[in-house]
Amino acid sequence: MAHLLSASCSLKLSPREKISFKHCNLGSTKFTPSFTLQCSKSSFKRFVHQGKNPQRLNLVHATAVPLNQEMKAQSGTGSLENTENASGRRRVMVIGGDGYCGWATALHLSNKNYDVAIVDNLVRRLFDHQLGLDSLTPIASIHNRIRRWKALTGKTIELFIGDICDFEFLAETFKSFKPNAVVHFGEQRSAPYSMIDRSRAVFTQHNNVIGTLNVLFAIKEFGEECHLVKLGTMGEYGTPNIDIEEGYITVTHNGRTDTLPYPKQAGSFYHLSKVHDSHNIAFTCKAWGIRATDLNQGVVYGVRTDETALHEELCNRFDYDAVFGTVLNRFCVQAAVGHPLTVYGKGGQTRGYLDIRDTVQCVELAIANPAHRGEFRVFNQFTEQFSVRDLAALVTKAGEKLGLKVETISVPNPRVEAEEHYYNAKHTKLIELGLKPHFLSDSLLDSLLNFAVQYRDRVDTKQIMPSVSWKRIGVKPLTVKA
Ligand code: NAD
Ligand code: USQ
């Protein structure tokens, strides 16, 4: 990461970000933004918002000592009890809880009376600074978000700021929080980001694969009953010319039959990192008896959930730029500012999609119905399939109803992907567990478009056209054009 910063960009922090850090009560520790990324390497810093005094953040320092020593001192066995807390509530660690899906999920689970801890190194906010991007919606600092949640609901969310690639940090958080379940959203999740240059490709695979491997080791070592709910992606499967099953396919070959992991044909270094994760998780389920659910999620759209709508300081991020923005969210913002909808290539690219309100529901269902010891369970997490062309047509119709003039252009495809293909992916397992989908409807599109219109003054139209090419990726560290 240090290499990325020094080689390819200068880090400029906005005044807003500086202010939010300054307001933390950090005792004698000098806290600079770069500390956030580096602190967990050398010494462990734990920031806990425990909420006796909601106006103030409590800082607990715990200098890391060799793990074996500390484990002996604490438990004598090296294994944590997988128990509920004194109040009988189950404890869920949300890794990546400051991000788009993670923040909505952390609030939802807290609202449902789970004891929640967010673990995040805030690197997603750093990517924005690196690349000169910003969320459409203004987002409060993680400290202010949690403080506001406490003030509104009386519910505490614990906060651990650090990098899960730093095992010492992760081990401390496990031993301190003792989760019954870990929901792991904490990865670099943009396909275009992973295709900018060699250093971003390497960062993505290192961050995602090593982070997940560390989570698996932490569960084995400190909480072997703990259920891992891992965010995978539908993109692991690619676009095969046969139906996509949920994780496994039964094949008969030369007269013999077996049920095997469904073949993976990922389309970017990011999507490949998810394939590597899935293999590592499957192996540790077999070898160590880990219980895991891989949620192969489709493309998420929307912004409001019941909890994030409660107050502007709880508002979720909403990315519309060509690196982090996902396609339907981007189309709504493009329509709101009068930019033609950017269909890449022929527009027949078909994917599974879901409303962010269903992301939080699916994760809750997975936690409430845990996998068995040694089980590697795979759910395809989406509710409907659309082609990019279908989405452009739906946004055009909804925009016209609101009096917006919406045009579509075909942009030369910056990616390497099939532009017309068969796509039929199964997605029944979450429905069987009780998922009640929010389908993409006219009223949802109206409200998303209205939301985009409300914030359109914040749109930087220079960030809309794609500038990352799958074919031009090279070893030279690139500064993405502002
Ligand atoms: P996001 O970038 O908004 O959030 C990810 C969060 O993880 C960020 O807050 C980031 O700071 C944190 N993080 C990253 N690396 C970390 C590390 N090493 N240690 C600690 N924290 C770290 O992404 P999102 O859109 O919320 O996606 C969350 C997960 O869901 C990802 O794994 C992604 O692959 C998956 N997913 C997302 C979508 C989508 O459309 N957004 C679709 C399918 C799957
Ligand atoms: N696309 C356009 N125009 C745009 C943006 C995208 O035509 O302006 C096309 C892309 O070429 C692609 C499709 O829309 O064919 C989806 O692209 P996307 O950027 O919305 O989604 P993707 O890159 O696949 O990644 C997103 C999330 C990722 C998640 C994935 C789920 O960023 O974290 O894993 O969706 S899935 O697509 O099922 O793999």
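We count ligands from 1, going down the list as the structure has it; atoms in each ligand are counted the same way.
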Within ligand 2, which atoms have a heavy atom of [X] less than 4.0 Å away?
X      : answer
His271 : 24 (O), 39 (O)
Arg351 : 15 (O), 37 (O)
Gln349 : 11 (O), 15 (O)
Glu417 : 10 (C), 11 (O), 12 (C), 15 (O)

Take atom CZ in Phe217; do more than 12 heavy atoms of anything else shown fall under 6.0 Å from it? no
Mark yes when over 12 heavy atoms from residues, nucleotides or ligands other than Phe269 sit less than 6.0 Å from its CZ; otherwise mark no. no
If I apply the N/O under 3.5 Å rule, does [X] come out as touching ligand 2?
X      : answer
Gly235 : yes
Tyr344 : yes
Arg415 : yes
Arg330 : yes
Val388 : no
Tyr270 : yes
Thr342 : yes

Within reach of ligand 1, part of [X] (heavy-atom separation under 4.0 Å):
X      : answer
Ile95  : neither
Tyr270 : side chain
His184 : neither
Asp163 : both

Quick one, Glu420 with Arg389, criterion salt bridge (Lys or Arg N to Asp or Glu O under 4.0 Å). Give me CA distance, side-chain angles, the key distance, then yes/no. CA-CA 11 Å; Glu420 299 286 1; Arg389 250 189 332 251; 3.1 Å; yes
Does the N or O separation between [X] and ligand 1 drop below 3.5 Å for any pair?
X      : value
Ile164 : yes
Thr326 : no
Thr233 : no
Cys165 : no
Asn121 : yes
Cys101 : yes
Val123 : yes
Arg317 : no

Counting heavy atoms only, which of Ile464, Val299, Asn296, Leu231 is nearest atom 21 (O) of ligand 2? Val299
Does a side chain donor of either [X] or [Y] reach within less than 3.5 Å of an acceptor in the other side chain?
X      : Y      : answer
Thr428 : Glu246 : yes
His276 : Ser273 : no
Glu417 : Thr239 : no
Thr350 : Gln385 : no

Ligand 1 to Arg124, heavy atom cutoff 4.0 Å, flagged ligand atoms 2 (O), 8 (C), 9 (O), 10 (C), 11 (O)
What atoms in ligand 1 come closer than 4.0 Å to a heavy atom of Gly232? 44 (C)
Evaluate the criterion salt bridge (Lys or Arg N to Asp or Glu O under 4.0 Å) for residue pair Arg124 and Asp98; output intermediate values, then yes/no. CA-CA 8 Å; Arg124 176 67 191 83; Asp98 187 45; over 6 Å; no
Evaluate salt bridge (Lys or Arg N to Asp or Glu O under 4.0 Å) for Glu236 paired with Lys264, printing each intermediate quantity in order. CA-CA 5 Å; Glu236 292 184 41; Lys264 306 289 170 77; 3.2 Å; yes
Tyr270 and Tyr193: CA distance, side-chain angles, deciding distance, ring-ring contact (aromatic ring centres under 6.0 Å, His included) verdict: CA-CA 8 Å; Tyr270 152 72; Tyr193 187 93; over 10 Å; no
Row check, Phe222 ring normal vs Lys175 NZ/CZ: under 6.0 Å, within 45°: yes
cation_pi(Arg317, Phe324) dist<6.0 Å, angle<=45: no
What's the shortest distance from atom 27 (C) of ligand 2 to any protein heavy atom, and which residue and atom give it? Thr326 CG2, 3.8 Å
Top protein contact for atom 31 (C) of ligand 2, by heavy-atom distance: Thr233 OG1, 3.2 Å
Against Gln297, only a single residue in Asp358, Thr233, Thr359 fulfils side chain to side chain contact (heavy atoms under 4.5 Å, CB included); can you say which? Thr359
Please determine whether salt bridge (Lys or Arg N to Asp or Glu O under 4.0 Å) holds for the pair Glu187 and Lys274, giving the CA-CA distance in whole Å, both sets of side-chain angles, and the decisive distance to 0.1 Å. CA-CA 9 Å; Glu187 299 203 330; Lys274 296 289 199 185; 2.9 Å; yes
Below 4.0 Å, non-hydrogen atoms only: which portion of Arg189 touches ligand 2? Side chain, backbone, both or neither. both
Glu236 contact mode with ligand 2 (heavy-atom cut-off under 4.0 Å): neither
Applying side-chain contact (heavy atoms from CB on, under 4.5 Å), name anything that partners Val299, two or more places apart in sequence or on another chain. Thr326, Arg351, Tyr353
Would you call [X] a ligand 2 contact, heavy-atom distance under 4.0 Å?
X      : result
Lys274 : no
Phe324 : no
Gly298 : yes

Kindly write out the residues that satisfy salt bridge (Lys or Arg N to Asp or Glu O under 4.0 Å) with Arg291, not counting sequence neighbours, or none if the list is empty. Glu225
If the contact criterion is a heavy-atom separation under 4.0 Å, does Gly235 count as touching ligand 1? no
Is there a heavy atom in Gly162 that sits closer than 4.0 Å to ligand 1? yes
